[in-house]
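Counting convention: from 1, in listed order, for ligands and their atoms alike.
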Amino acid sequence: MLTVIEALAAIEKYSLPLPAESILLGEALGRVLAEDALADCDSPPHDKAMMDGFAVRVADGVNQRRIVETIFAGTVPTVAVGMDEASRIMTGAPLPVGADAVVPIEVVTLRDELFVTPHSAPVVGKHMQRRGDNFRRGDAIVRAGQPLRSAEIAALAEIGVAEPRCFPEPRVAVLATGDELVSPNQVPAAGQIRNSNGPMLCAAVREAGAAPIDLGVGRDEPAHLREKLLEGLTADVLLVSGGVSAGDKDLAPGLLVELGVEQIFHKIAMRPGKPLWFGRGPANPNGRRPLVFGLPGNPASSFVCFQLFVRPLLSGLSGGGFQGLVPQRVELAMAYDFRGERETYVPAKLSITGATPTRWRSSGDLSGLVGAEVLLTFPPGDHQYAAGTELIALALPK
Ligand code: AMP
Ligand code: MG
């Protein structure tokens, strides 16, 4: 059995970004930029007014000026401003030749709309911005590896990168297995339960910025399951839930190996999540070898394994580096009696007094995960933890 750290190291080897592609800026939110985006223009592209008012020569002091033209944003000046002259100018419009300051409309006296007098002597460069003051043509404005949020999308738009080169969203096939599973809109008959792992994994894939492909439920029947797995192996990542432990109908690992998937590890010394299986499939039609997780069927185990192991892999494939849940130090808000011989991840809520484990009964208990903000990490070994003990907590996605 691997430790959590060993398993992460094994997975990290396969977490290089998928080949970059060009996508429309309007679809790039959340993607990671694959190459530096360089400015194709100066910003601003011209000396520009930052206020509505008058473009003036500072040398003329508080003299009255004759108004020679009006310059709107989107137009260009046609005459230079000479001695005791000014141009009416709107915010964003290019400054005329000769002007070296803008005087806002609020601090001038106008006569007949023909003459203007500033209330005080203008200052060079005031209420205007010089060409290239923000950045210059050729500057790298957004760097490779930067996740694109609204601010970066705006910057790319300004510099004309309408189809940025980004790492793709990994396509993640999700297959829940088990003869006992019915869909959430059905009333389970005797012996049946609803499929919660399918919806959880599809949502978790989305939370991780990847694209789920829901393959529904696979029955515990070899021929049928083989077909479903084959379909899943065309994705970048295949998540199979259930059927990975030691039961008579735990068919997934055997079938995966039959289909040419190379097992990299099986079983981890942790709770919940011990039966985790990881492997690498044969090259699919786009020439890439899909990565395959056999996640434990127990819902809390599946959830924790996704967050601990699948999430960093998806981050790596998406170009964001092998980033897992962010660890933080927290204090226990209450005394806690821990028993277990494996490293254990316990869902907890945070408050000003520290972390409080939820009422969480077993690896099958989803109710204990509802509203949980962190997974508290307990090292193996029975121990009475006093209130105030410092532990490592992994922050769950918001
Ligand atoms: P397995 O790994 O297939 O032996 O399943 C372990 C436990 O998880 C069993 O109690 C299953 O009924 C349960 N289980 C398996 N798959 C799911 C699922 N998709 N949703 C909810 N529970 C599941
Ligand atoms: Mg099963």
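Looking only at protein heavy atoms, the nearest one to atom 18 (C) of ligand 1 is Asn197 ND2, 3.4 Å. Remark: minimum distance from atom 20 (N) of ligand 1 to any protein heavy atom is reached at Ser196 N, 3.1 Å. Looking from atom 4 (O) of ligand 1 to the surrounding protein, the closest heavy atom is Asp250 OD1, 3.6 Å. Among all protein heavy atoms, the one lying closest to atom 1 (P) of ligand 1 is Gly243 N, 3.6 Å.
Residues Arg219 and Asp179 are not paired through a salt bridge, judged by the lack of any N-O separation under 4.0 Å between the basic side chain and the carboxylate. Salt-bridge annotation for Glu113 and Arg88: present, with a side-chain N of the basic residue lying under 4.0 Å from a carboxylate O of the acidic one. A salt bridge is defined here as a Lys NZ or Arg NE, NH1 or NH2 lying under 4.0 Å from an Asp or Glu carboxylate O, and Arg143 with Asp36 meets this definition. Between Arg289 and Glu262 there is a salt bridge, with a side-chain nitrogen of the basic residue lying less than 4.0 Å from a carboxylate oxygen of the acidic one. Between Arg137 and Asp139 there is no salt bridge, since none of the side-chain N atoms of the basic residue sits less than 4.0 Å from a carboxylate O of the acidic one.
In summary, the atoms of ligand 1 found under 4.0 Å from a heavy atom of Asn195, numbered by their order in the structure, are 18 (C), 19 (N), 20 (N). Short contacts between ligand 1 and Ile193, defined as distances under 4.0 Å to a heavy atom of the residue, involve ligand atoms 12 (O), 21 (C), 22 (N), 23 (C). The Ser241 neighbourhood of ligand 1 comprises atoms 19 (N), with distances under 4.0 Å to a heavy atom of that residue. For ligand 1 and Arg194, the ligand atoms under 4.0 Å from any heavy atom of the residue are 20 (N), 21 (C). Near Gly242, meaning under 4.0 Å from any of its heavy atoms, are these atoms of ligand 1: 2 (O), 3 (O). Within the listing of ligand 1, atoms 11 (C), 12 (O), 15 (C) sit less than 4.0 angstrom from a heavy atom of Glu180. Residue Ala176 has at least one heavy-atom neighbour below 4.0 Å for each of these atoms of ligand 1: 19 (N).
With a 4.0 Å heavy-atom cut-off, ligand 1 is reached by no atom of Ser302. No part of Lys249 comes within 4.0 Å of ligand 1, judged by heavy-atom distances. Only the side chain of Pro299 comes within 4.0 Å of ligand 1, judged by heavy-atom distances.
Using a 4.0 Å cutoff on heavy atoms, Gly178 does not count as a contact of ligand 1. For Ser245, the closest heavy-atom approach to ligand 1 falls below 4.0 Å. Judged by the shortest distance from any of its heavy atoms, Gly364 lies outside the 4.0 Å radius around the atoms of ligand 1.
With Arg130 as the fixed residue, the salt bridge (Lys or Arg N to Asp or Glu O under 4.0 Å) test singles out one of Asp42, Asp47, Asp100: Asp47.
Counting heavy atoms only, Asn298 comes closest to atom 10 (O) of ligand 1 of the residues Leu366, Thr177, Asn298. Among Ala300, Gly297, Gly218, Ser301, the residue whose heavy atom lies nearest to atom 5 (O) of ligand 1 is Gly297.
Across all non-hydrogen atoms, the minimal contact from Gly260 to Pro282 is O-CD, 3.5 Å. Closest approach of Val108 to Pro104, counting heavy atoms only: CG1-O, 3.7 Å.
At least one donor-acceptor pair under 3.5 Å links the side chain of Glu221 to the backbone N or O of Ala223.
Aromatic ring orientation, Phe378 versus Phe338: parallel (interplanar angle below 30°, classes split at 30° and 60°).
A continuous path of ILVMFWY side-chain contacts below 4.5 Å connects Phe322 to Val304, so both sit in one hydrophobic cluster.
Annotation: Pro296 places no N or O atom under 3.5 Å from an N or O atom of ligand 1; distance criterion only.
Apart from Val217 itself, the hydrophobic cluster it occupies contains Leu181, Ile193, where clustering links Ile, Leu, Val, Met, Phe, Trp and Tyr at side-chain heavy-atom distances under 4.5 Å.
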